[in-house]
Trainee: 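I have a structure I would like to understand better, so I am pasting it below and will then ask my questions one at a time.
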Amino acid sequence: PRCPVPALSGEYLDYRISLRARPQEPVLSSDRRSDNQRLLAEVVRPYSQPDNIMTTNNHLPKPPDYPEYEFRPFRLEDSPAILRTMIDIDVHDDRNWAGTLADYEKEFEDPDVNVETDTLGAFTADGQVAAMSWLYAPPEPGDYYLAFLWNHFHPDHRATGVADYIMEWSEARGRQILAQRSPDLPHWLRIGSMATNTYRKELISRHGFEPVRYFFEMRRDLSDPIAD
């Protein structure tokens with residue numbers, strides 16, 4: 001799914017790294033539409049760390065020496081394995097992101113994604129996807145240029161160090177892509193997590209991302225009287 005906000009069943013966090021610091025004060029914005037609509041709150045903070053300034057000298061890290069995994073770009077025939085891993089993650093993490101086989105097959109048709117250079121999977125000998133990264137970096141900006149890290153990690157392989165490598169690779173590849181964009185607008189690396197997913201939040205934070213946007217699903221029973 002392209003830069004997905006998943007089917008929500010709780011609070012969803014949007015994490016970002018800014019690659020172009022701009023001298024500005026934190027900005028708080030909110031959008032309250034109705035009691036059963038989404039509440040969106042976003043805090044954007046400027047960054048000034050030298051390693052967050054965009055350059056063209058961002059090299060991709062080499063795969064770790066893990067003989068039990070093969071690291072390679074995805075192919076269309078991997079779509080069933082991607083779906084199986086996403087279903088396993090959904091069950092383990094109590095979420096609802098998996099989608100359908102057709103969803104993943106369609107992603108290979110996206111003209112804005114070079115599957116050979118912008119995707120990476122860690123595969124076991126039996127073809128299971130242990131970890132994955134798929135970068136979405138639309139060439140046309142909105143208010144900024146974006147590289148969205150669609151990274152996911154099978155629950156059976158989270159203690160191996162593979163997830164850290166996938167995070168490092170995807171950030172480095174995102175930086176390479178954004179280095180080719182115009183310098184006139186901010187550049188953002190972006191990734192998301194459900195608020196209840198402690199493992200994913202800790203992993204993302206360990207790699208320098210900070211939460212800047214919060215999505216909530218809010219409902220009310222229409223048979224209840226409206227409070228004064």
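When reading the values below, keep in mind they use all heavy atoms of this one structure, side chains included, and skip hydrogens, waters and symmetry mates.
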Trainee: How long is the straight-line distance from CZ of Arg84 back to OG of Ser79, given to the nearest 0.5 Å?
Mentor: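 If I round to the nearest 0.5 Å, the distance is 10.5 Å.
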Trainee: Measure from the side-chain N and O atoms of Asp103 to the backbone N and O of Thr100, and report whether any donor-acceptor pair falls under 3.5 Å.
Mentor: yes
Trainee: Please report the interatomic distance CD1(Ile191) to CD1(Ile204), rounded to the nearest 0.5 Å.
Mentor: 4.0 Å
Trainee: May I have the step-by-step check of ring pair (Phe, Tyr, Trp, His ring centres under 6.0 Å) for Trp97 and His152, ending in yes or no?
Mentor: CA-CA 11 Å; Trp97 294 17; His152 296 281; 5.6 Å; yes
Trainee: Output yes when a side-chain donor or acceptor of Arg200 lies under 3.5 Å from a complementary backbone atom of Gly192, and no otherwise.
Mentor: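 Such a contact is found between Arg200 side chain and Gly192 backbone.
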Trainee: State whether Arg158 and Asp164 are salt-bridged, where the test is any N-O pair (Lys NZ or Arg NE/NH1/NH2 against Asp/Glu carboxylate O) under 4.0 Å.
Mentor: no
Trainee: Less than 4.0 Å between a side-chain N and a carboxylate O, is that true for Glu171 and Arg175?
Mentor: yes
Trainee: Would you mind reporting whether Leu135 and Val113 have side-chain heavy atoms less than 4.5 Å apart?
Mentor: no
Trainee: Is Asp126 atom CG crowded by more than 12 heavy atoms from other residues, nucleotides or ligands, each under 6.0 Å away?
Mentor: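 Result for CG/Asp126: enclosed.
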Trainee: What closest approach, in Å, do Asp221 and Ser223 show between heavy atoms, and which atom pair accounts for it?
Mentor: OD1-OG, 2.7 Å
Trainee: Under the ring pair (Phe, Tyr, Trp, His ring centres under 6.0 Å) test against His157, which residue among Tyr66, Phe123, Tyr69 passes?
Mentor: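 Among the candidates, only Tyr69 passes.
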Trainee: Do the ring planes of Tyr104 and Trp150 sit parallel (below 30°), tilted (30 to 60°) or perpendicular (above 60°)?
Mentor: tilted
Trainee: Does any non-hydrogen side-chain atom of Tyr199 lie less than 4.5 Å from one of Phe153?
Mentor: yes
Trainee: Quick one, Ile89 with Arg95, criterion side-chain contact (heavy atoms from CB on, under 4.5 Å). Give me CA distance, side-chain angles, the key distance, then yes/no.
Mentor: CA-CA 8 Å; Ile89 295 173; Arg95 66 180 200 185; 3.2 Å; yes
Trainee: Are any of the side-chain heavy atoms of Pro64 and Val162 separated by less than 4.5 Å?
Mentor: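 Contact flag for Pro64/Val162 side chains = no.
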Trainee: Taking atom CZ of Phe209 and atom CG of Leu149, what is their separation to the nearest 0.5 Å?
Mentor: 5.0 Å
Trainee: Closest heavy-atom contact between Pro63 and Phe71?
Mentor: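 The answer is CB-CD1, 3.8 Å.
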Trainee: What distance separates Arg181 CZ from Tyr144 OH, expressed to the nearest 0.5 Å?
Mentor: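 Those atoms lie 14.0 Å apart.
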Trainee: Apply side-chain contact (heavy atoms from CB on, under 4.5 Å) to residues Tyr165 and Leu120 and explain how you reach the verdict.
Mentor: CA-CA 10 Å; Tyr165 170 66; Leu120 184 68; 3.7 Å; yes
Trainee: Write down the atom of Leu189, the atom of Leu178, and the distance for their closest heavy-atom approach.
Mentor: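 Nearest pair, atom of Leu189 first, then Leu178: CD2-CD1, 4.0 Å.
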Trainee: Looking at every heavy atom in both Gly174 and Ala147, which two are closest together, and how far apart are they?
Mentor: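 Shortest heavy-atom separation between Gly174 and Ala147 comes out as CA-CB, 4.1 Å.
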Trainee: Side chains of Leu146 and Pro141, heavy atoms from C-beta outward: is any pair under 4.5 Å?
Mentor: no
Trainee: Give me the atom names and distance for the closest heavy-atom approach of Lys201 to Ser193.
Mentor: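 Scanning both residues, the minimum pair turns out to be CG-OG, 3.5 Å.
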Trainee: List the steps and the verdict of ring pair (Phe, Tyr, Trp, His ring centres under 6.0 Å) for Phe74 and Phe108.
Mentor: CA-CA 9 Å; Phe74 282 101; Phe108 287 88; 7.3 Å; no
Trainee: With side chains defined as the heavy atoms from C-beta onward, is the minimum distance between Leu203 and Arg206 less than 4.5 Å?
Mentor: yes
Trainee: Kindly indicate, with the supporting measurements, whether the criterion side-chain contact (heavy atoms from CB on, under 4.5 Å) is fulfilled by His92 and His154.
Mentor: CA-CA 9 Å; His92 184 273; His154 194 284; over 6 Å; no
Trainee: Please test Arg72 against Asp78 for salt bridge (charged side-chain N to carboxylate O under 4.0 Å, His left out), starting from the C-alpha separation and ending with a verdict.
Mentor: CA-CA 11 Å; Arg72 62 166 175 81; Asp78 296 320; 2.8 Å; yes
Trainee: I'd like to check Asp118 versus Trp134 (side-chain heavy atoms, cut-off strictly below 4.5 Å). Are they in contact?
Mentor: no
Trainee: At what distance, to the nearest 0.5 angstrom, does OG of Ser133 lie from CG of Asn151?
Mentor: 3.5 Å
Trainee: For the CG atom of Leu83 and the CD1 atom of Ile87, what is their distance to the nearest 0.5 Å?
Mentor: 4.0 Å
Trainee: Taking the side chain as C-beta and beyond, is there a heavy-atom pair between Leu60 and Arg173 under 4.5 Å?
Mentor: yes
Trainee: For Asp88, which residues count as a salt bridge (charged side-chain N to carboxylate O under 4.0 Å, His left out) partner, sequence neighbours excluded?
Mentor: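 Applying salt bridge (charged side-chain N to carboxylate O under 4.0 Å, His left out) to Asp88 gives none.
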